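Structure first, then comments.
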Amino acid sequence: MTSTASKNPSAVRHHQPPPLPPSLTDADIVQLAQLYHPQSSTPLPAFLLSEDSHQALVSYLHTRASSPNPSLAVSEYLSALLSLTQLHTSLSPLIPLLLSSYISLFTSHKIPHDKSSLSSFQLFVTHIVTVQVQELPAIVDLIISYLPRIIDSEDTHILAIFAKCLELIRFSSEIGKPLEYVDKVFDEMLSCDWNKVLLLKLVEIVKDLNFIGKGKRKEFLERVFSGMKNVDLQDLPGLVYQLLVLGSKGFGKKEVIEGIVMYFGGVKSGGSIMRQVEGTVLLHVNFAVKQNPSLGQEVLGLVRSDYRVFNHFTVAILLSVARVKRLTESSIGVLKSSLLAAYKDLKFARSCKWLSCDLKEHYLHTYKDMENAVLRAVGESNCGREHVVPSIVQLGFVLLEGIEEGSNFFDKSDDVMGPDELGTQVLKSLFEVHDMARSEIIEQCKLRILSLKPEQGFPVIRLLGCLIHHFTYPMLEHISHLKELLDYFTFMNDKVSSHLVAVLLPLNRLSRDLQDYTILVLRKAMFRQEDSIRLAATSSIVNLILAEKQSTKDGPFSCQDSSSQASSSQQAEVFRALGSSLFQELNGLLQRCLFQQAKVREILYRGLLKLVLVDPLTSGAVFDFLFPHFLRFYREDADVLLDVNQCTKSESGKVYIQEPLDCLLSCISWMLLLQPHGKADHPSDSWTCFGFSLTQENEQAGKAWSKGSLSNALLKIRNYLRNADMEGLLSKTQDTDSSHLEGEKRRCYSSILLGIIEVMLNIVGTEFGKTTDGKKLELEKELFDFIGIYESLEPNICRQGGGSTQRVSIRTTASNAPEELEFRGSKLCPERVPLLATSIIYQLLQNTVESWRCDGFNNNVVSQKHSQSSSGKAPTQYYKILSFTLNICLHQLKASSVMRQQDPLKMLIYGEIKQLGSPLLKMIWCLLSEPKSMFDSKKKDANMKKDLDDRKEYIHLGFLSLKELLAVMLHESDYSVLIDDLATVSGPGDEGGNATDGHRDTECEKADDIPYKYTSEELFIKNSIRPLISMLLTRSFFREVEVLCDVIMLISNKLPEEQRNLVGNWAKCICKTSKISNPKAAKSIVSIAILLTSPPNDLVIAEDMATELLKVLGSESERGDSQVTLDAYSIINRSTSAPLASLILDLVESVIHETEWVIMKLKIYSLPSTRAVLVNQNGEKDTRLALEETLYSRAEAVVKVLSSFVKMNLKDPQAEQLVKLAARFYKNLARMSKLLIASKGVQQPLPSLKYQKLVEITCRQLTAPLYNFVPLMQMKQLDSTKSKALVSKIKRENRCIPDLIYQIEDCEKYLIQISKATKINLLRHAKRSTARDFKIIEPQNFPVEEDADNNGAARGERESSENLRDEGHGVEHDSVASAHDDDEGNEAEEAYNSPRGVEDDSVAGAFDDDEGNEVVEAYNSPHGVEDDSVADACDDDEGNEVEEAYNSPYEVEDDSVAGAAAADEGNEVEEACNSPLAIVASESESDAEAADLPKAKRAKMRRVVEDSDDEA
């Protein structure tokens, strides 16, 4: 080889390594990248393509990092080198080296962190796909290690490549377990410390990590929202925007929305900057929801699921979401439903007696927080969130219309606003904050007033009045809208139209244009044919005149307390509005009112009296206005001064009052009484109203003449009526040509005269109160004369009907006279004002009491029955005065309750109505008091007993008046004054009734001996009501006892809980000691005993009474003994048992209704929630536990009460009510049980001991007796002889009994699930029954053995057990077997097989009766309760076999029934009824004949089945 090599030297040169290509500098590379074109044929220098040059190329990075401008130098070189790597794949291995080196330079801060560094990392993102995946974990680790050192936003540039690296690793197959690695990296990222800069950047880049699992996403969002409190305010909108982007891409959509709501909702106050930030966030949310409506659905779902997340920002978000068209209705609906639900919860919690005070305070604070949240959202709507203003307007009006949710639901409260009041406050605040919303609010008011029902339109009118009151001058700019609304005056409801004009009155005082337009509208309305429109127009005219007088009295600038000042043009208009008197201008229109129907005239007369009250100087003009009209009915020179014939009119065979002369005289008399003595009237309001003016002397003379003439006329009428023969007066007015109308006319004339007599009594009574002692006797005699006349006329307006006398009101118009005749005293018209003042009634009561006590009537009533007392009044006259006074007092009190508080006549006519209380109570004591001679004599006089019976009606009227007075004053500020007056009145101390009550007090309430400072209510009950009830019970005045019990219930609302318990304990003592036979009185007293006793003792009393009722009524198998006497509760007897049973069942129904609400609240607490930011979990747990414990105790008490009823011999209505209540109870128990079942993946907790006890008591005391009660209840239906009644019973039972059976089995299904999950057999005391609602049981075929109770315990009380097996099928596959032995050792077996759960039962049972005969029953139901197949075989007492077969392959409506029954003689009876789809065929006659039944028996059975077929 040596020789060969020497011979060929060229071969040696060929195997030597080639020399290195010439190296390039970093500047050469930059220049090359700038000049090199990809399509040029010039190859790249070999230096770049050589792998040995990589180290040199990377070293240039460090070299350039040391230059004066390292950022630009490194970025320029890196960009050039990366652009060259795209041309040759051989340069790809250089990229990870460059990236690692650049990261090293970046993390060591050798290069600045600026825009150049960011562009460099972004450039790497486009080239990183060429990097081998095995090299990416190292880069990721570098980035993770650098995260804790990030300080400012420039440091986060390195994270630009983080998401891309993780994505390449996640979906690569070259790395083992890439998913685990990515999760590990994500956990490391979550575990490191985040500052606010890093948090913002991570939220921005995490949207690209859509491959992260749900659990990691949730952890990431929790970390983000926990760190949001450190983020600067100016960065919050951007952060929220990025979060919304995450949510729209499905990255924890629910958690994103929830976190945003919770964060901003938890901000208490942040100043104007925070409000601006929230406004920007709302715009982001609105935009995101427009792009992805599912985000809006998440917001709605969040609030629907739990209103505890309700805060001001939630309201703002919902209002913002409502601007999206497709979500408008749902967003506003969620806000409305949440507020209404919270308000209902508050009202329910306050009314529920067995909820704790803490829970009631919880619901109060919840609703208050929601109120404040709404108002805060509205108040901040001007901070960059003007786009929600239309939504706020819509929300406000929706809340105003919320009254349609239920009648009388939104009762007013002092501490909270109702939804309608909240809506008013929302729109009022919006009107103040946003000028641009004002026109929209006014326009919406107009549209809704015209379109809504009257009851829904009144809140809108109240809103309009509120805006006018608080923003009077700004409202002047919207006069055009209001004038358009007035154009529809004649098309609106009369009450709505008159109310609308009333709220516009403040603007009429400032705008002459609006006032003139209103008058024009009212003039047109007066010419309409509809009576209601004319009534509304008349009332509006009167209010307009009164408002003008009031403004003149208060001054021209009385409205300048408005929040906004008037402009110069508006102020000029104010002075134009102050012109001549409207009473003068509208005199012609008022004259027209004098020729309208009677109600229009009554409104006018009452308005004129109000006008004189507001401005007494106008009395002269009013006298002049009324005097010519008065002369139409006054005949000074005639024998009959009053032409009553002119006051009535006949039309279409009916008579009605055309002129309310009594109202006219009342108006004139009141104005004369109100005239100031020694003062001249104002001269400007007199005869000028008739179109001409007199000189001052002539004017004063004319005015004095009209006033004096009216005064003299009244005096003559007074003397005439006192001495006139009323029967003769009425007979002179009769029309002999129409005898059939005489009775109607007589009633009309008597009604007018009765009103006039009231006017005369008012005049005489006023003089009696002002006169001296010398003239009092004469006035008193005159007063009694008028009362006698009144009593003689009153029977003329009473109609006899149904064995009772009814006093009717005949003051109706021509159009409604045939149809509407109201019973006076039962229904009072608000427009009908009493003509007698309260002060006169007070004087009559006082005088009657004094006369009763001082004139010796009470002591001599027996011996001097027909003699005169010292004052010349006979006992019959006393009773006439008493009857009139009490009747008129009751009428006055009922009328007072319907008159508005702000009415000027309220104080004039009713005055201090509270002063009637003391004399009323004294009068009652006088009527109940007995003469002392009764105690002195051993034998009571029969005449005295008769006299006491005669007083009974007056006593009843007195108690009714007292009850009505308390009802009227209950919510008034003077209530305490009334109670103080009543507390000072007590009965005579030596009366037998008081002594008896005192003994009962000593026996039943030992606490009375303890010194105690009683309140006025307690003293009133102790000193008056309780002795009165004892006295009334002694005398068997049961109607009066009912009224007093109602009084106690009224007063109890003001008593503290401890005192209510004392009253309830006293009533309980009466129930134990008093033997009352009147059902209504007994029910009233028991109601007090139960309802005024605090839980849980109220149901304890109900349980004890139910036990006693069972003794009286007897069980289903044993009739109750009518002679049973009870020591526990003497009030329970055969006559009172039915109403008391109904009362207790009603109580149970109310408790079940309350438990339903509590269960619904528990369901909210049991929902899984991550809202720990807002809700205190410890407090929530305590609340739920407290609710659960209270609920279980209450349900247990209900079971104990119902356990007695299921054994009673109840009537059909009560039995049906019991079955329905039991079904509702089992439904609630199933809901309770369902709440205890843990969800999947959660360990099942053990049920509490109270729950286990509840289930045990329910199974023992209710379920088993119910199964016995149902067949006995069905058996009773065959005892009826009326087929229609029988079919009605069957129809009702077909609805309630199947529901009861289903609810019991549904409840047992959940009990089985809990039993299997907790290994606690909750059904160990349960008993399955074969009773079904469709079984027809003949009385002869269902013998009730008399010795059943003598041979041991009843079958329903036998011990039972269940063995659960086949647990491989879960709850849906249960097999239960139970064996029972009766008292004689015979075996009874029951088998339950349910391959599909409770819905699919197969039941077979065998029982032996007392004589050893075998009874077999089989139930087969392959499709559930709706599809049952039943076979039953029973042996009667004589061993004869009875077979019944029921086959229903479809539903209950599809029954196939076959039965064979044997009579007592041993004959076999077979019945067949076949109905494949429904009961359409009755029993065939041939089958009945084959059964050898008697013809009557067959006919009866055929009728029953035929009637059932008709019902089906």
Side-chain angles (χ1 to χ4, degrees), residues 449 461 464-465 468-469 472 475-476 479 482-490 492-528 532-556 558-559 573-594 596 599-615 617-619 621-622 625-626 667 684-685 689 831 900 902-905:
I449 290 173
I461 297 179
L464 196 59
I468 292 174
H469 178 72
T472 306
M475 285 294 294
L476 291 175
I479 293 294
L482 301 178
K483 290 168 67 176
E484 292 176 5
L485 186 57
L486 286 174
D487 288 335
Y488 296 91
F489 182 91
T490 56
M492 288 187 279
N493 179 272
D494 56 336
K495 295 181 180 179
V496 173
S497 57
S498 58
H499 194 189
L500 174 62
V501 174
V503 300
L504 295 180
L505 291 178
L507 290 181
N508 286 326
R509 295 187 294 179
L510 303 178
S511 173
R512 180 74 182 190
D513 182 30
L514 181 61
Q515 177 179 292
D516 293 342
Y517 197 84
T518 304
I519 294 174
L520 178 62
V521 169
L522 297 178
R523 285 182 183 272
K524 292 179 180 179
M526 287 300 299
F527 288 88
R528 293 297 295 264
S532 60
I533 295 177
R534 294 201 299 271
L535 289 173
T538 306
S539 177
S540 300
I541 292 171
V542 170
N543 291 333
L544 200 63
I545 296 174
L546 291 175
E548 187 262 344
K549 285 296 180 182
Q550 188 67 42
S551 64
T552 305
K553 183 178 179 180
D554 295 342
S558 60
C559 293
E573 190 176 15
V574 169
F575 291 100
R576 291 202 308 271
L578 302 175
S580 59
S581 172
L582 274 181
F583 180 71
Q584 300 173 8
E585 295 180 10
L586 300 178
N587 184 266
L589 191 59
L590 296 176
Q591 289 285 348
R592 181 177 178 82
C593 294
L594 294 176
Q596 300 289 332
K599 287 189 177 181
V600 173
R601 303 185 193 191
E602 288 183 15
I603 294 174
L604 177 61
Y605 299 151
R606 193 165 62 252
L608 293 176
L609 180 56
K610 292 178 185 178
L611 180 61
V612 175
L613 283 173
V614 173
D615 186 8
L617 299 179
T618 61
S619 59
V622 176
F625 176 80
L626 290 177
C667 175
S684 62
D685 292 333
C689 63
E831 292 86 2
R900 292 188 296 269
Q902 64 273 18
D903 197 317
L905 298 182

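Only this structure's heavy atoms are used, side chains among them; waters, hydrogens and symmetry mates stay out. What you see is a predicted model, and the numbers here were worked out from it, not measured in a lab.
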[X] and [Y]: which non-hydrogen atoms are nearest, and at how many Å?
| X | Y | answer |
| --- | --- | --- |
| Cys667 | Leu608 | SG-CB, 4.4 Å |
| Lys483 | Tyr517 | O-CE2, 3.5 Å |
| Ser581 | Lys549 | OG-NZ, 3.6 Å |
| Ile479 | Leu476 | CG1-O, 3.0 Å |
| Leu546 | Lys610 | CD2-C, 3.6 Å |

Check whether any side-chain heavy atom of [X] sits under 4.5 Å from a side-chain heavy atom of [Y], and report yes or no.
| X | Y | value |
| --- | --- | --- |
| Arg523 | Leu586 | yes |
| Thr618 | Phe583 | no |
| Leu594 | Tyr605 | yes |
| Ile545 | Leu590 | yes |
| Leu505 | Asn508 | yes |

Could you grab the distance from atom [atom1] of [X] to atom [atom2] of [Y], nearest 0.5 Å is fine?
| X | Y | atom1 | atom2 | value |
| --- | --- | --- | --- | --- |
| Ser497 | Leu535 | OG | CG | 10.0 Å |
| Ile468 | Leu507 | CD1 | CG | 4.5 Å |
| Leu504 | Leu482 | CG | CG | 5.5 Å |
| Glu548 | Asp615 | CD | CG | 9.0 Å |
| Ser619 | Leu613 | OG | CG | 11.0 Å |
| Asp487 | Leu520 | CG | CG | 9.0 Å |

Pairing residues for Asp516 by the salt bridge (charged side-chain N to carboxylate O under 4.0 Å, His left out) criterion, not counting sequence neighbours: Arg512

field: Which residues share a salt bridge (charged side-chain N to carboxylate O under 4.0 Å, His left out) with Arg528, sequence neighbours left out
entry: Glu530

Please name all residues satisfying side-chain contact (heavy atoms from CB on, under 4.5 Å) with [X], sequence neighbours left out, ordered by chain then number.
| X | answer |
| --- | --- |
| Thr538 | Met526, Cys593, Val600, Ile603 |
| Val501 | Leu486, Phe489, Thr518, Ser540 |
| Val503 | Ile461, His499, Leu500 |

- prompt: Residues two or more places apart in sequence or in another chain: which of them pass side chain to side chain donor-acceptor pair (under 3.5 Å) with Arg534?
  reply: Asp531, Gln596, Gln597

